[in-house]
There are 2 protein chains.
Amino acid sequence: MQDDPRKTPEVFVAAVIFQLIDNELTVLLTQRQRDPFNGLWALPGGLVPLKETLLQATTRILHEKTAVKLNQLGVVEQLYTFDTFAGNPNGPTVSVMHLGLGKDIVPKATPLSRHSQFYLLKDVPELAFDHSTKIDFALQRLRSKLSYTNAIFALLPTLFTMSQLQTAYEAVLGKKLDKRNFRKKFISLGLIQQTSEYHMSGAHRPARLYKFNSQTLEYLTRSFD
Amino acid sequence: MQDDPRKTPEVFVAAVIFQLIDNELTVLLTQRQRDPFNGLWALPGGLVPLKETLLQATTRILHEKTAVKLNQLGVVEQLYTFDTFAGNPNGPTVSVMHLGLGKDIVPKATPLSRHSQFYLLKDVPELAFDHSTKIDFALQRLRSKLSYTNAIFALLPTLFTMSQLQTAYEAVLGKKLDKRNFRKKFISLGLIQQTSEYHMSGAHRPARLYKFNSQTLEYLTRSFD
DNA sequence: ACAAAAGTGTTAAGAATACACCCATGT
DNA sequence: ACATGGGTGTATTCTTAACACTTTTGT
């Protein structure tokens, strides 16, 4: 570490991956297997080698540490580039973070990580570096993203009920919404369409299933919320 | 360049600095003094050394190349981190770009640049790398920023008329706005206040001067445009 | 008196909010 | 028959959009 041949800071990537589990927002964490912070939980990330782009490195490292494939996510976007991890003894670093949204993701332990799993936001344990701050930052971004894009599609199944949609919004925004107004407004945005199918679940009226017109990120003209 | 001791891509910074000149939006460019693209115009930027943060490096390099001080700008924010400059023969690089807004900025030639000057957006010459794309990207960001913050303050003098304010919006958004609706709406946002002063200029009624309540970035609850 | 930009108000359409009851099903 | 979540409409307020004439000054 002395006699460092580098001329420029080391470049890291990391990712904040969200998904819904039981209508609650969760974030993907992995348990570190090396110092610094050996044994602590952290966002999946690592050093970018010379021959990869940022997105390639993020994809590879995410897979190596959590067995999650970046391209199975519905939305991936660059979040922010942070300076020096607090507490990193190896001098300055630059960390390019991405934000990802997905569903039905099952992380696994890998040779490079002890465990990987999604944690409810409210149950996130003590994290390495200042990754808690980064998760908050990502959540803020996600919240604003929901207001001017259809990004919520990435968190929902292909067919979903209005209640699921509303609950997803509530989970991300962290507040309750009015059922009638929500439906009226969301339908008027023209992002979704009815299907002829129904979801039967339990002792109550079956719920109509809807689907998004587009499974890629679209920008709204009128903003939501 | 062969036998490269680096393990991770080189980190560059660059900045897209906008200001208004004669009610038109302009961008700060500098003429390159080295290969690649020796002699072509480009956004001011350079390599980040080991001992500086991204913002420190941006500040220093901007000053070295254009004599502009980053901290004399009203708004500075990270724009995006781009992979590899197209055409850079030195292998992969990462370029962290910032967006800056200012007024009354006078760039100068320096030992590290032939010239530096603000160009009207429509007169931007052929640029090194793909810096044209980056300017477009920055302009998009600026446009959306105007809709949910008071960022326009950074482009205007401390005291300004409603016409100046509206013209500034029009210059950035690239479209005409209705005078009465603009004033009504902007005043209702509560960002500015009247002063008791007037701006006299030419053969017409003097214009009342206004000022911003805050000279730092504020986020609106209601969005503009 | 004229030219030039500053300043001002109303109406109509659309969007947001608040709010309570009936419906279809399983047990 | 009851418990459960699904589904629906109206009235009020606020916001947006369209639109034209008078005011004040300098020459």
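Here is the naming used below: chain letters follow the sequence lines, and residue numbers restart at 1 for every chain.
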Nearest-angstrom distance from the residue atom NZ of B:K176 to C1' of D:dA17 = 18 Å
query = Checking side-chain hydrogen bond (donor to acceptor under 3.5 Å, both in side chains) against A:S116, which of A:T66, A:T30, A:T110 comes through?
reply = A:T30
ask   = Does B:E126 CD have over 12 foreign heavy atoms under 6.0 Å away?
value = no
inquiry  = Please check if the number of heavy atoms outside A:K211 that lie under 6.0 Å from its NZ is greater than 12.
reply    = no
inquiry  = If I take atom NZ in residue B:K175 and atom C1' in nucleotide D:dA17, what distance separates them, rounded to the nearest angstrom?
reply    = 13 Å
task = Give, ordered by number, those residues of residues 217-225 of chain A having at least one heavy-atom distance below 4.0 Å to an atom of DNA chain D; if nothing qualifies, reply none.
result = none
request  = For the pair A:D83 (side chain) and B:T53 (backbone), establish whether a donor and an acceptor sit closer than 3.5 Å, ignoring hydrogens and angles.
outcome  = no
inquiry  = Check whether A:Q164 reaches the backbone of A:T161 with its side chain - one donor and one acceptor, N or O, closer than 3.5 Å.
reply    = yes
Residues in contact with DNA chain C, drawn from residues 156-172 of chain A - heavy-atom cutoff 4.0 Å = none
ask   = Are the aromatic ring centres of B:F160 and B:F212 under 6.0 angstrom apart?
value = yes
Under 4.0 Å protein heavy-atom contact, by nucleotide of nucleotides 18-27 of chain D - B base, S sugar-phosphate only = BBB--BBBB-
task = Mark yes when over 12 heavy atoms from residues, nucleotides or ligands other than B:D123 sit less than 6.0 Å from its CG; otherwise mark no.
result = yes
query = According to a strict under-4.0 Å criterion, is B:R208 in side-chain N/O contact with OP1 or OP2 of C:dA6?
reply = no
query = Roughly how many Å is it from CZ in B:R183 to P in C:dA5, rounded to a whole number?
reply = 13 Å
inquiry  = Taking NZ in B:K185 as the centre, count heavy atoms belonging to other residues, nucleotides or ligands within less than 6.0 Å. Is the count above 12?
reply    = yes
request  = Determine, stepwise, if the pair A:F18 / A:F118 fulfils ring pair (Phe, Tyr, Trp, His ring centres under 6.0 Å).
outcome  = CA-CA 8 Å; A:F18 290 119; A:F118 281 88; 9.1 Å; no
request  = Specify whether A:F224 and A:Y169 have parallel, tilted or perpendicular ring planes, treating 30° as the upper limit for parallel and 60° as the lower limit for perpendicular.
outcome  = tilted
query = Expressed in angstrom and rounded to an integer, what is the separation of A:N23 atom CG from D:dG5 atom P?
reply = 12 Å
